[in-house]
Amino acid sequence: MRILCVAEKPSAAKQIASILSQSNYQVRQSPNKYVKNYTFDYTLNQRTVSMTMTALLGHLLDLDFGPECKSWQTTRPEDLFQAQVHNSVLGNLEDVAINIRELARNADVLFIWTDCDREGEAIGAEVEEICRQVNTRMQVWRARFSAMQPQPIHHAANNHDQLDRRQVQAVKTRQELDLRIGAAFTRFQTLQLRCYFNNTLTTSGPVISYGSCQFPTLGFVVDRYMAIKNFVSEEFWKIDMEYQSERMENNNGNSGPAVKFNWKRGHLFDYWSSFVLYEKCYQNPMASVIRVQKKRVTKRKPLPLTTVEMQKTATRMLGMTGTRIMEVAESLYRSGLISYPRTETDQFDKNFNFMPLIQMQANDRAWGQYAQLIRDGEFERPRNGGHDDKAHPPIHPTGYDQNIYGDERKVYEFIVRRYLGCCYKDAVGYETVVEAQIAGEKFDVKGLIIIERNYLDVYTYDKWNAHTIPDFEEGQQFMPSSLLLNSGKTEPPKLLTESDLISLMEKNEIGTDATIADHINKILERNYAYKTGNYFNPSTLGIALVLGYDEIGFNSSLSKPFLRREMEADLKQICEGNKDPQLVLRQSIESYSHMFERTIDGFGKIRYSMETYFDYGEYLENAARNRNNNYTSNNNNNWDNESSSSTTRTRGRGRGNNTTSRGRGSRGGGARQNTSSGRGRGARGGSTTTANTSRGRGRGRGRGRGGLTNNTVAPNCNCDIPSAEFTTTQGPNRGRKFRKCGYANSNDHDTCGFWMWSDT
DNA sequence: GCAAGGTC
């Protein structure tokens with residue numbers, strides 16, 4: 001019997017082949033440079049079989065529209081909700097497919113060893129599809145394994161299962177929805193808003209993409225920015241009490257630092273209430289200690305490292321972007337220095353052998369001493385977190401090389417210290433809580449002495465600050481050294497850091513461990529946002545888009561995470577057999593088509609938002625900045641480069657002209673005007689928009705085309721709907737009038753598109 | 001030229 005085994009990636013193929021064959025295999029290069037084919041004999045249920053193990057490079061197939069939908073000009077975006085879609089081999093993976101087909105021709109069984117998660121199941125179905133093209137009689141088996149360890153792998157080999165069709169259907173549903181929704185909205189808003197970027201109305205210009213992950217990601221950034229803009233600071237009052245102990249005198253006879261007590265009420269926003277309470281204390285200021293509580297406390301060591309946790313912590317501690325961290329981790333993994341870097345698992349397998357990996361670090365100059373301590377008796381098994389993706393262990397070092405430098409060194413060191421920290425003991429401290437009372441008002445202070453630092457010594461990214469206070473006894477009385485009624489002001493939140501953004505995405509199930517960094521990168525690449533230091537600012541384009549969509553008044557705005565969460569919940573229902581995938585698909589398409597219709601109808605609101613918030617000069621500045629930071633993809637920066645030559649001219653003109661009331665670079669220009677009322681209808685500043693909405697679709701006739709100039713996009717368009725006109729105040733077409741028309745070569749003009757109107 | 005999901 002000949003069995004063709006297929007793993008999701010070359011490293012997994014090699015590991016599984018090594019385990020099954022006990023490293024006794026023959027290896028041959030496939031047509032793809034990353035993929036190797038391993039052949040060996042295996043005893044399967046007391047029978048010797050011939051196995052070939054090969055690999056994929058992730059997904060093999062991609063869903064797309066046919067060539068009839070290729071043109072953005074002749075295909076109406078709304079038709080993409082119904083258009084035919086089909087699967088084809090991903091662009092550069094034809095050689096992988098050729099290899100698989102070749103091997104499948106003579107196989108009796110296709111044995112699928114892809115990762116045991118939802119995507120892995122779908123990838124398995126893709127392999128099956130490819131193999132069926134050349135071999136219709138083979139059986140298809142699915143391997144179910146919980147870890148890349150001999151026992152689970154042999155168990156999976158001898159107890160094969162079937163592909164889980166529900167999971168496959170769930171993934172297919174997601175793919176189709178993401179494609180249809182993404183393409184329809186992207187094409188539509190790109191064509192609608194292109195007039196803000198380009199004055200020739202040719203087909204070039206930036207892509208203003210929409211995606212069910214990238215938009216909510218942008219939404220988080222804009223929401224935080226608006227929360228800051230709309231923040232109203234409030235004054236509050238609090239009683240500050242300090243005590244300077246004689247017992248804390250130092251050697252010079254001076255008293256030690258004062259102990260600051262916290263008022264148990266925190267702070268009050270009412271001055272007179274605070275004043276009355278303060279007066280009571282002031283009249284009778286002797287404090288009595290009413291409670292002294294001493295207890296042993298621990299600071300728990302970290303959990304084993306997952307991808308998302310690595311990105312959250314390392315972006316904060318190492319000053320690198322999530323994308324860069326993943327790039328570096330990928331390279332460390334390929335060098336054999338760390339385990340697979342994309343994992344959700346935060347618990348080690350019960351048979352995991354920790355000691356050799358600890359020993360491996362024992363001679364390092366920086367952290368070797370801690371590895372030695374752990375090896376020589378301080379070891380304690382890592383904690384178990386609550387996640388297990390059943391495919392990969394937590395990220396941990398697998399090799400040692402002292403000759404790595406720069407970012408690789410930083411990320412490797414982080415992973416090693418995390419691993420050693422996990423294998424060490426919790427830190428132990430001694431906490432004292434003292435509660436005192438003055439005239440009925442309660443105050444408290446906490447002291448902390450660290451007794452054993454343990455893991456904190458090696459995992460230097462965690463801090464635990466000791467705070468010494470003098471000894472107090474219950475019943476003791478003391479006179480405060482200072483008792484003041486102080487005022488303060490509430491402060492706005494800070495802009496989001498990458499770490500904050502990753503946490504929000506994780507919490508709202510936006511993206512996966514492998515894609516979160518991509519989505520963040522995408523909003524920079526599209527110039528929807530830019531970074532200042534570690535903080536994410538929305539660009540005026542990002543603000544305009546998000547607030548514009550929010551204005552349309554959907555139950556759940558397209559810029560919010562709820563739609564994606566709903567989709568995720570539906571997919572889980574499909575996997576559990578509670579929902580029919582066809583039904584989910586039909587209902588979702590219907591619902592998104594409806595939202596698309598409303599977006600067309602309400603697009604005036606998005607354009608209005610562009611007129612209010614968008615600043616072309618600022619856009620070009622951010623584009624240049626993001627390009628310098630390498631956030632712009634290579635195939636996308638030609639247009640930005642070309643257009644930047646006209647930047648200065650355009651900006652210079654605009655400043656003194658019809659944009660005077662918004663101020664220059666007015667990222668906050670429009671937003672600021674809305675400070676007290678939240679988003680929405682603030683004054684429009686210098687906008688001269690007539691901002692008609694697209695009411696009256698499909699009505700009216702008459703030859704409007706005569707007035708069109710520069711109409712290089714729609715030469716055959718006979719559209720003549722006179723219902724809406726507006727004059728833009730932004731970008732290279734400032735002062736020009738636009739009017740509504742349909743799509744070229746289409747007889748159905750019941751769709752709004754804006755082409756340039758005469759500007760003479 | 002669109003999405004998000006794998007992986008190199």
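FYI, side chains are in, hydrogens and waters are out, and symmetry mates aren't considered; it's all heavy atoms of this structure. So that the names make sense, note that chain A is the first sequence line, chain B the second, and so on, each numbered from 1.
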Touch class at under 4.0 angstrom, heavy-atom based, for A:Gly120 against every strand present: nothing

Ion pair A:Glu121/A:Arg165, N-O distance below 4.0 Å: no

Distance-only donor-acceptor test, A:Asp178 side-chain atoms vs B:dC2 base atoms, 3.5 Å: no

Phosphate OP1/OP2 of B:dG6: any A:Arg174 side-chain N/O under 4.0 Å: no

Selection from B:dC2, B:dT7, B:dG1 that lies nearest to any side-chain heavy atom of A:Phe65: B:dC2

Which nucleotide in B:dG1, B:dT7, B:dA3 has an atom nearest any side-chain atom of A:Lys9: B:dT7

Aromatic A:Phe220 / basic A:Lys560 pairing, under 6.0 angstrom, 45° off normal: no

Which nucleotide in B:dA3, B:dT7, B:dG6 has an atom nearest any side-chain atom of A:Leu93: B:dG6

Minimum-distance nucleotide (side-chain atoms of A:Arg187 versus B:dG6, B:dA4, B:dC2): B:dC2

Aromatic contact, A:Phe614 with A:Phe197 (centres under 6.0 Å): yes

Below 4.0 Å: OP1/OP2 of B:dA3 and any side-chain N or O of A:Gln175: no

5′-ward residue of the pair A:Thr515/A:Ala184 relative to DNA chain B: A:Ala184

Distance test, side-chain N/O of A:His519 to OP1/OP2 of B:dG5, below 4.0 Å: yes

Toward the 5' end of DNA chain B, by each residue's nearest nucleotide, A:Cys213 or A:Lys70: A:Lys70

Passing candidate, ring pair (Phe, Tyr, Trp, His ring centres under 6.0 Å) with A:Phe596, options A:Phe554, A:Phe603, A:Tyr549, A:Phe81: A:Phe81

Contact under 4.0 Å: A:Thr190 side-chain N or O vs B:dC2 OP1/OP2: no

Nearest-angstrom distance from the residue atom CG of A:Leu558 to C1' of B:dA3: 14 Å

Point-to-point distance, once rounded to the nearest 0.5 Å, from CZ of A:Phe188 to CD1 of A:Ile208: 13.0 Å

B:dA4 phosphate, OP1 or OP2, under 4.0 Å from A:Thr512 side-chain N/O: no

Under-4.0 Å salt bridge between A:Arg132 and A:Glu129: no

Within residues 337-344 of chain A, residues whose heavy atoms come under 4.0 Å of DNA chain B: A:Tyr340, A:Arg342

Side chain of A:Lys522 (C-beta onward), nearest among B:dG6, B:dA3, B:dT7: B:dA3

Residues A:Arg118 and A:Glu568 bridged, charged N to O under 4.0 Å: yes

Nucleotide nearest A:Ser212 when distance is taken to its side chain, options B:dG5, B:dC2, B:dA4: B:dA4

Short side-chain N/O contact to B:dA3 OP1/OP2 from A:Arg526, under 4.0 Å: yes

